[in-house]
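Here the structure is laid out as structure tokens; the discussion comes afterwards.
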Amino acid sequence: MLALAGFRRPLAAAARSGGGAMPRKGKAAGKGPAEPGAAAGPVVAAGEGCVRVAVRAKPGSRCSAVTDVTAEAVGVAIAAPPSEGEANAELCRYLSKVLEVKKSEVILEKGGKSREKVVKILVSMTPDEILEKLKKEASS
């Protein structure tokens with residue numbers, strides 16, 4: 001135990017000096033676009049002929065509907081409970097119906113257990129076409 005006591009002070013001094021290899025945390029960390037040239041908004045081209053849609057899911061609703069389209073995400077009310085992947089399956093089914101594509105062309109890419117999700121659309125449509133269909137569905 002006495003041998004370890006001498007190591008505490010040099011380690012504490014190194015931690016206070018900020019000379020470590022740890023990245024800084026805070027509000028400025030991680031800012032900036034994820035991909036250079038990526039369009040801002042909830043619908044972006046993902047390359048390989050597909051499009052990514054940022055979705056804010058609202059499970060447990062009476063009926064599935066696009067509630068709003070903001071700069072951050074597309075709000076979608078889902079008529080399924082958020083358990084055992086039922087809401088995720090209903091989200092993909094509903095988006096395939098709204099976008100008029102096959103169910104197999106709508107894949108949940110991120111956010112399986114979160115309200116903030118990313119859905120990948122595997123069709124060669126432009127982000128503007130998809131955004132237009134989502135806005136049309138939200139207004140009706």
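Note that CG of L95 is 11.5 Å distant from NZ of K117, once rounded to the nearest 0.5 Å. Here the straight-line distance linking atom CD1 of I78 with atom NZ of K58 works out to 10.0 Å at 0.5 Å rounding. Distance SG/C92 to CG/L108: 5.5 Å, rounded to 0.5 Å. Interatomic distance, K133 NZ to L131 CG, rounded to the nearest 0.5 Å: 12.5 Å.
V101 and V66 fall within the same hydrophobic cluster, where Ile, Leu, Val, Met, Phe, Trp and Tyr residues are linked whenever their side-chain heavy atoms come under 4.5 Å apart, directly or through other members.
Of all heavy-atom pairs spanning P82 and P59, the tightest one is CB-CG, 3.7 Å. Taking both residues in full, the closest heavy atoms of E48 and A46 are given as OE1-O, 3.6 Å, listed atom of the first, atom of the second, then distance.
For the residue pair S96/E105, the side-chain donor-acceptor check at 3.5 Å is not satisfied.
Residues Y94 and E137 meet the side-chain proximity criterion, which asks for heavy atoms closer than 4.5 Å. Two residues are said to be in side-chain contact when any heavy atoms from C-beta on lie closer than 4.5 Å; V51 and V44 fail this criterion. P42 is listed as a side-chain neighbour of V69, based on a closest heavy-atom distance under 4.5 Å. At least one side-chain heavy atom of L91 sits less than 4.5 Å from a side-chain heavy atom of V55.
Side chain of S114 to main chain of E116: a donor-acceptor pair is present (N/O by atom type, distance under 3.5 Å, no hydrogens or angles). Using a distance-only test at 3.5 Å, with no hydrogens or angles considered, a donor-acceptor pair links the side chain of S64 to the main chain of A79.
Within a 6.0 Å radius of CD in E86, more than 12 heavy atoms belonging to other residues, nucleotides or ligands are found.
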Cut-off 3.5 Å, no hydrogens considered: what does the side-chain donor-acceptor table look like for residues 119-130, sequence neighbours left out?
from: T126; atom 1: OG1; to: E129; atom 2: N; distance (Å): 3.2
from: E129; atom 1: OE1; to: T126; atom 2: N; distance (Å): 3.1

* Does the side chain to side chain contact (heavy atoms under 4.5 Å, CB included) test come out yes or no for V53 and V118, once each step is laid out? -> CA-CA 6 Å; V53 181; V118 176; over 6 Å; no

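The existence of a salt bridge linking R93 and E90 is confirmed by a sub-4.0 Å separation between a basic side-chain nitrogen and an acidic carboxylate oxygen.
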